[in-house]
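Written out below as structure tokens is the structure these notes cover.
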Amino acid sequence: MTEANRILLGVNIDHVATLRQARGTRYPDPVKAALDAEEAGADGITVHLREDRRHIQDRDVRVLADVLQTRMNFEMGVTDFMLGFAEQIRPAHVCLVPETRQELTTEGGLDVAGQEARIAAAVERLTLAGCEVSLFIDAEERQIEAAMRVGAPVIELHTGRYADAHTAEEAAHELSRIRDGVICGLNHGLIVNAGHGLHYHNAEAVAAIPGVHELNIGHAIVAHALFVGFKQAVAEMKALIVAAANRG
Ligand SMILES: CC(=O)[C@@H](O)[C@H](O)COP(=O)(O)O
Ligand SMILES: NCC(=O)COP(=O)(O)O
């Protein structure tokens, strides 16, 4: 990997499917979005198959598994169904996320410390299936240490509180928590990704944190794509974070 592309962009295409599901149509097709994203420089494609199937559907994941040129980052709750599904699909990456039916979006990180045995068993099953497992967690030392203990090689730090900050002070505080989380993860030998709620106006500061491996970004890219097209929206985000990482 060259210095110019040392940070990776995973493009989350869930909300292309959100638009499709709103009318029960066949369009817009998240698979087309994924292929366009790849052409525009995405390093991977992220999809979250929610238990309530509010956006991505099982078939989307199956088709993506066949056609992606990069790699799939499959986000899932820790349930027996999802574990079995992932074992069939065998995505390159599986990210375990917390999930509740009523939430608007993923509101916090997975409580790994509070359920180590259950998460360790899931990590083991997925690893045996050939998936690299990541855990979507808050930037807290106890969660990062638990992630290491359960055998996950990768963590993704939840950036939602930073993205939703109402003041510059709050944003700076949340950013410094993420920075500390990155250092902690790296010190424990983990690969550290980050994502959630990142946008064209706030992703650079996270990308500039030394050691961040990949950012997963979806909602903002899909929204921007309405006005500039999907490829352009992905290319703009990729250029933004690569430049920030190189400056940082
Ligand atoms: C786990 C995560 O942060 C994203 O995948 C997010 O869940 C996108 O989907 P939702 O907007 O449905 O939460
Ligand atoms: N894991 C975070 C992700 O995939 C993208 O989240 P968002 O940018 O749609 O909020």
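None of the values given here were measured: they were computed from a predicted structure. First listed ligand is number 1; within each ligand, the first listed atom is number 1.
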| query | Any idea which atoms of ligand 2 are less than 4.0 Å away from a heavy-atom of Ile217? | reply | 8 (O)

| said: Does the plane of the ring in His15 sit parallel, tilted or perpendicular to the ring in His55? Use 30° and 60° as the thresholds. | reply: perpendicular

| request: Determine the sole option in Asp14, Asn73, Asn12 for which the side-chain hydrogen bond (donor to acceptor under 3.5 Å, both in side chains) test with Thr46 is passed. | output: Asn73

| said: I need the single residue from Arg20, Arg53, Arg26 that forms a salt bridge (Lys or Arg N to Asp or Glu O under 4.0 Å) with Asp60. Which is it? | reply: Arg20

| request: With heavy atoms of His219 as the reference, note each atom of ligand 2 found under 4.0 Å away. | output: 7 (P), 8 (O), 9 (O)

| field | Salt-bridge present (Glu174, Arg177; N to O < 4.0 Å) | value | yes

| message | Keeping Glu132 on the side-chain end and Ala92 on the backbone end, is there a donor-acceptor pair under 3.5 Å? | response | no

| side chain to side chain contact (heavy atoms under 4.5 Å, CB included) between Gln115 and Leu110, worked out | CA-CA 9 Å; Gln115 44 179 344; Leu110 187 67; 4.0 Å; yes

| task | Heavy-atom cut-off of under 4.0 Å around ligand 1: list whichever protein residues fall inside it, by chain and number. | result | Asn12, Asp14, His15, His48, Arg50, His55, Glu75, Val97, Thr105, Thr106, Phe136, His196

| request: Among all protein heavy atoms, pick out the one at the shortest distance from atom 6 (O) of ligand 2; state its residue, atom name and that distance to 0.1 Å. | output: His196 CA, 3.7 Å

| request: List the closest protein heavy-atom neighbour of atom 8 (O) of ligand 2: residue, atom name, distance to the nearest 0.1 Å. | output: Gly218 N, 2.8 Å

| Gly197 heavy atoms, cut-off 4.0 Å: which ligand 2 atoms fall inside? | 7 (P), 8 (O), 10 (O)

| request: Under 4.5 Å between side-chain heavy atoms, chaining through other members, with only Ile, Leu, Val, Met, Phe, Trp and Tyr counted: pull out the rest of the cluster around Phe136, sorted by chain and number. | output: Val97

| Whether Arg247 side chain and Glu204 backbone form a donor-acceptor pair below 3.5 Å | no

| request: Number the atoms of ligand 2 from 1 as they appear, then name those within less than 4.0 Å of a heavy atom of Glu156, with their elements. | output: 1 (N), 2 (C)

| field | Ionic contact status for Arg50 with Asp52, cut-off 4.0 Å | value | no

| query | Where is the tightest heavy-atom contact between Gly211 and Leu186, given as atom of each residue plus distance? | reply | CA-CD1, 3.8 Å

| request: Note the single closest protein heavy atom to atom 3 (C) of ligand 2, along with its residue, its atom name and the distance in Å. | output: Asn12 ND2, 3.5 Å

| Should you measure from each heavy atom of Thr46, which atoms of ligand 2 turn up under 4.0 Å away? | 4 (O)

| said: What I want to find out is whether Asp36 reaches Lys32 closely enough, with some N-O distance under 4.0 Å, to be called a salt bridge. | reply: yes

| field | Which segment of Asn216 sits under 4.0 Å of ligand 2 when only heavy atoms are counted | value | both

| request: Indicate, as side chain, backbone, both or neither, the part of Glu75 found under 4.0 angstrom from ligand 2 when only non-hydrogen atoms are considered. | output: side chain

